[in-house]
4 protein chains.
Amino acid sequence: MSMSDKSQNRIERILDAALQVFSDKGYKDAAVDDIATVSDTSKGGVYFHFPNKKTIFLSLLDKMADLLYSRAEEAMAKEPDMRRKGDAALLVMLRTFAKHRAMSKLFLVEALGAGREFNDKMLDINFRFAGLITRHLNELVALGMIEPIDTEIAGVAWFGGVNEIVRRWVLTGKPEKLEDAYPALRDLLRRSIGQF
Amino acid sequence: MSMSDKSQNRIERILDAALQVFSDKGYKDAAVDDIATVSDTSKGGVYFHFPNKKTIFLSLLDKMADLLYSRAEEAMAKEPDMRRKGDAALLVMLRTFAKHRAMSKLFLVEALGAGREFNDKMLDINFRFAGLITRHLNELVALGMIEPIDTEIAGVAWFGGVNEIVRRWVLTGKPEKLEDAYPALRDLLRRSIGQF
Amino acid sequence: MSMSDKSQNRIERILDAALQVFSDKGYKDAAVDDIATVSDTSKGGVYFHFPNKKTIFLSLLDKMADLLYSRAEEAMAKEPDMRRKGDAALLVMLRTFAKHRAMSKLFLVEALGAGREFNDKMLDINFRFAGLITRHLNELVALGMIEPIDTEIAGVAWFGGVNEIVRRWVLTGKPEKLEDAYPALRDLLRRSIGQF
Amino acid sequence: MSMSDKSQNRIERILDAALQVFSDKGYKDAAVDDIATVSDTSKGGVYFHFPNKKTIFLSLLDKMADLLYSRAEEAMAKEPDMRRKGDAALLVMLRTFAKHRAMSKLFLVEALGAGREFNDKMLDINFRFAGLITRHLNELVALGMIEPIDTEIAGVAWFGGVNEIVRRWVLTGKPEKLEDAYPALRDLLRRSIGQF
DNA sequence: AATGAATGAGAGTTCATTCAT
DNA sequence: CATGAATGAACTCTCATTCAT
């Protein structure tokens with residue numbers, strides 16, 4: 001195993017530990033010491049790989065955003081039926097959230113009130129996702145597959161609606177399997193743009 | 001002015017200051033000292049009226065929740081047309097959020113990541129609002145005014161959708177006037193339950 | 001009831017409350033607010049009658065010291081048999097401690113570590129009591145009733161010995177009735193000065 | 001000098017400083033900041049080595065108790081003459097107290113009123129010492145070297161008597177050399193159990 | 001690379017004391 | 001006389017960050 005691999009491993013271990021700790025205690029209540037302990041390192045070790053606590057949190061946020069975004073994009077690209085691209089994205093996102101509960105909590109709960117310093121990042125991320133939806137809806141409108149609607153509002157509202165379903169699951173455990181919410185949510189969203 | 005008035009004033013001043021400080025800095029980053037300074041009191045003065053920081057935050061949360069909830073209920077009660085009760089509630093909520101930007105930020109941004117101690121309270125509140133929507137949708141279904149749907153999912157998703165619109169407005173200032181989002185949002189929600 | 005009586009009553013009530021609170025929580029942990037509450041007054045009320053917390057504590061200390069000292073002196077004066085004056089004093093002191101458990105705790109436990117400001121007072125008090133014993137022993141020696149001994153050391157040691165018995169009773173409840181320790185203690189002290 | 005040595009040094013320095021500050025100001029009035037300053041560290045440094053203020057105080061108490069107890073036991077073990085074991089213990093205790101004036105003050109003055117949290121510890125310690133005396137007296141009785149007496153009361157009273165002598169020395173400086181009290185005290189105690 | 005001791009700037013909270021009413 | 005709101009200094013404890021080893 002090369003030096004870089006070992007380093008990579010250590011960084012990975014720290015990020016895993018940070019995810020665990022942040023999603024469990026929230027940004028402010030998570031101590032760098034906790035992260036060091038869980039990752040089986042020392043505080044100094046953490047600070048060797050990351051300049052500060054904030055950066056660790058941002059790394060995780062980016063990771064989750066990239067994961068979700070790329071999965072969604074990929075799912076839409078793979079689905080040939082224009083009418084079903086949205087469904088495919090929705091399903092894959094629910095599945096991704098379901099598979100990464102801690103990340104989901106970080107993303108949908110902890111990141112929001114973590115402090116002014118993270119607002120910009122979260123706005124970027126939200127903008128990206130809402131934009132993805134909006135662009136897709138615009139395409140559907142352009143192709144005449146749905147009636148013209150305010151796709152920007154729809155993008156934001158959809159994003160919020162899905163998030164809220166996931167947030168509820170993260171915090172209450174309902175529904176037991178997140179994917180079980182898929183059919184109802186899919187129908188709701190479809191109907192909302194006049195698609196049956 | 002009576003003693004009680006003065007006392008009420010002071011408490012009111014502290015709550016106003018707390019709202020300002022919390023919504024500006026977030027729960028953790030807000031110092032009780034900041035609240036004291038802004039409310040033109042001393043730290044001891046704040047602690048004379050409130051047992052701790054947490055209670056101040058919860059007071060504000062309750063206040064906003066009660067305000068929103070009572071306004072929404074009232075609006076629905078006043079609207080005789082069954083089909084428009086939802087619209088009325090939506091409009092009045094947007095207006096209420098618009099009138100209380102700082103409260104909205106507290107409610108939709110800061111309260112979420114403020115720490116485990118507030119999760120329960122927020123879940124209660126979310127549950128109340130989503131429940132209000134769900135009950136209304138159930139009525140519509142029972143009256144045969146809309147097709148049977150999963151009203152629970154719809155309640156949660158709607159709540160999340162509206163919140164996201166308000167959240168975006170709080171954080172980015174778009175749309176300049178929050179009420180401008182009303183028509184598009186109303187149509188989106190109506191369509192989503194098959195109502196035209 | 002005259003004004004002065006009422007005032008006396010109030011002062012008495014405050015002192016009673018203070019005794020309770022001090023002996024329960026110790027000097028530092030007793031809040032003036034606690035005293036006010038227990039005495040059914042307000043903080044301002046307490047400060048009207050006493051200039052500060054320290055003074056209240058000192059008043060109680062003086063009260064207990066005077067009580068003990070006068071009882072002991074009186075008992076010795078009443079006892080005609082020179083040989084039994086000491087026994088009489090010992091018995092009456094044990095009885096007085098037994099009747100005033102809270103005071104005893106204040107006197108023998110809380111007053112010691114209450115802070116530098118009380119050291120002088122406690123030294124005075126200890127000096128008075130040890131001196132009483134020493135003077136009595138000196139008399140016995142002068143009368144040729146006991147052999148010459150270091151009466152100063154004896155006075156201090158006796159005082160400490162009795163105190164320790166009472167302290168143990170205050171803190172552990174043993175012996176159930178403090179007076180039960182009298183015979184053994186009396187014999188011990190008598191023997192220590194060669195008196196049978 | 002190894003890491004552990006340095007660390008030991010720092011801990012030792014903190015304990016020394018704590019002893020100084022506690023015995024000077026008392027438990028409640030001693031600030032952790034004071035201890036940090038005197039030990040030439042920072043507050044954080046103190047808290048790195050000790051979890052809280054209480055633990056520091058208890059450490060010192062235990063240290064002194066162990067020191068006194070082991071010295072007393074050792075002295076008794078070394079003295080072959082059964083009749084003189086008590087004297088040996090008394091002398092060595094007076095010498096130990098004399099050598100550690102600050103510790104003595106902590107032990108005999110500050111620890112008593114330091115708060116409910118320390119009562120248990122002090123009761124334990126007192127019980128140990130009084131028990132040591134009582135056991136020794138029981139042996140003397142069993143060997144027929146002294147008449148049967150209430151050895152429990154005697155143990156407690158002796159312990160209190162000796163303590164009071166030391167306490168007086170700690171607080172007033174009399175007698176200048178604590179050991180000067182030894183002969184008189186020894187004779188007093190001997191006589192009290194009918195031993196000449 | 002990694003460690004962990006050390007720092008120091010706060011944070012929340014308490015409370016003796018004051019004083020306008 | 002009495003109240004209780006208000007003050008402000010002090011206190012314990014936390015923790016992100018640094019740095020010698």
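As the structure is a prediction and not an experimental result, all values here were calculated from the model. The figures that follow rest on heavy atoms only: side chains count, while hydrogens, waters and symmetry mates do not.
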Side chains of residues 57-68 of chain D: which donor-acceptor pairs under 3.5 Å do they make with residues two or more places apart or in other chains?
residue : atom : partner : partner atom : Å
S59(D)  : OG   : T55(D)  : O            : 2.8
D62(D)  : OD1  : K121(D) : NZ           : 2.9
D62(D)  : OD2  : K121(D) : NZ           : 3.3
K63(D)  : NZ   : E12(D)  : OE2          : 3.4

Below 4.0 Å: OP1/OP2 of dA2(E) and any side-chain N or O of R10(A) =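 Indeed, a polar side-chain atom of R10(A) lies that close.
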
Using only side-chain N and O atoms of H49(B), determine if any of them is under 4.0 Å from OP1 or OP2 of dG4(F).
-> no

Measure all distances between protein nitrogen or oxygen atoms and nitrogen or oxygen atoms of nucleotides 8-10 of chain E, and list the pairs falling under 3.5 Å.
residue : atom : partner : partner atom : Å
dG10(E) : O6   : K43(D)  : NZ           : 2.9

Close side-chain approach of T37(A) to V21(A), heavy-atom, < 4.5 Å |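 They are not in side-chain contact.
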
Going by heavy atoms in the side chains, are I125(B) and M122(B) under 4.5 Å from each other?
->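 Yes, their side chains come closer than 4.5 Å.
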
Whole angstroms only, please: what is the [atom1]-[atom2] distance between [X] and [N]?
X: I35(A); N: dT17(F); atom1: CD1; atom2: C1'; value: 13 Å
X: D29(A); N: dA16(F); atom1: CG; atom2: C1'; value: 14 Å
X: D40(A); N: dA1(E); atom1: CG; atom2: C1'; value: 15 Å
X: K54(C); N: dC15(E); atom1: NZ; atom2: C1'; value: 16 Å
X: F48(A); N: dT18(F); atom1: CZ; atom2: C1'; value: 15 Å
X: K28(D); N: dT14(E); atom1: NZ; atom2: C1'; value: 11 Å
X: K53(B); N: dC13(F); atom1: NZ; atom2: P; value: 19 Å
X: D34(B); N: dG12(E); atom1: CG; atom2: P; value: 8 Å

With the side chain of [X] defined as its heavy atoms from C-beta on, choose the nearest nucleotide among [options].
X: Y47(D); options: dT17(F), dA16(E), dC13(F); result: dC13(F)
X: N52(B); options: dT17(E), dT17(F), dT13(E); result: dT13(E)
X: T41(A); options: dA2(F), dA1(E), dT3(E); result: dT3(E)

Please tell me which of V46(C) and Y27(D) maps to the more 5' nucleotide of DNA chain F, matching each residue to the nucleotide holding its nearest heavy atom.
-> V46(C)

Row check, Y27(B) ring normal vs K53(B) NZ/CZ: under 6.0 Å, within 45° | yes

Short side-chain to backbone donor-acceptor contact, N126(C) and L123(C), under 3.5 Å | no

Check the pair F118(C) / L112(C) against side chain to side chain contact (heavy atoms under 4.5 Å, CB included), numbers first and verdict last.
-> CA-CA 8 Å; F118(C) 300 108; L112(C) 271 174; over 6 Å; no

Give a yes or no on whether a salt bridge exists between D29(D) and R116(C), defined as a side-chain N under 4.0 angstrom from a carboxylate O.
-> no

For A36(D), which contact category applies under a 4.0 Å heavy-atom criterion: base, sugar-phosphate, or nothing?
-> nothing

Give, for atom OG1 of T41(C) and atom CZ of F48(C), the distance between the pair rounded to the nearest 0.5 Å.
-> 12.5 Å

Can you measure from OG (S23(C)) to CZ (R101(C)) and round to the nearest 0.5 angstrom?
-> 10.0 Å

Please state the C1' separation for the pair dT21(F) and dA1(E) - nearest whole angstrom.
->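 Comparing C1' positions in dT21(F) and dA1(E) gives a spacing of 13 Å.
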
Of all heavy-atom pairs between I14(D) and G45(D), which one has the smallest distance, and what is that distance?
->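 What the structure gives for the nearest pair is CD1-O, 4.2 Å.
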
Give each stem of DNA chain E as a range with a range, requiring at least 3 consecutive Watson-Crick or G-U wobble pairs whose two distances are under 3.5 Å.
-> E:2-21 with F:2-21

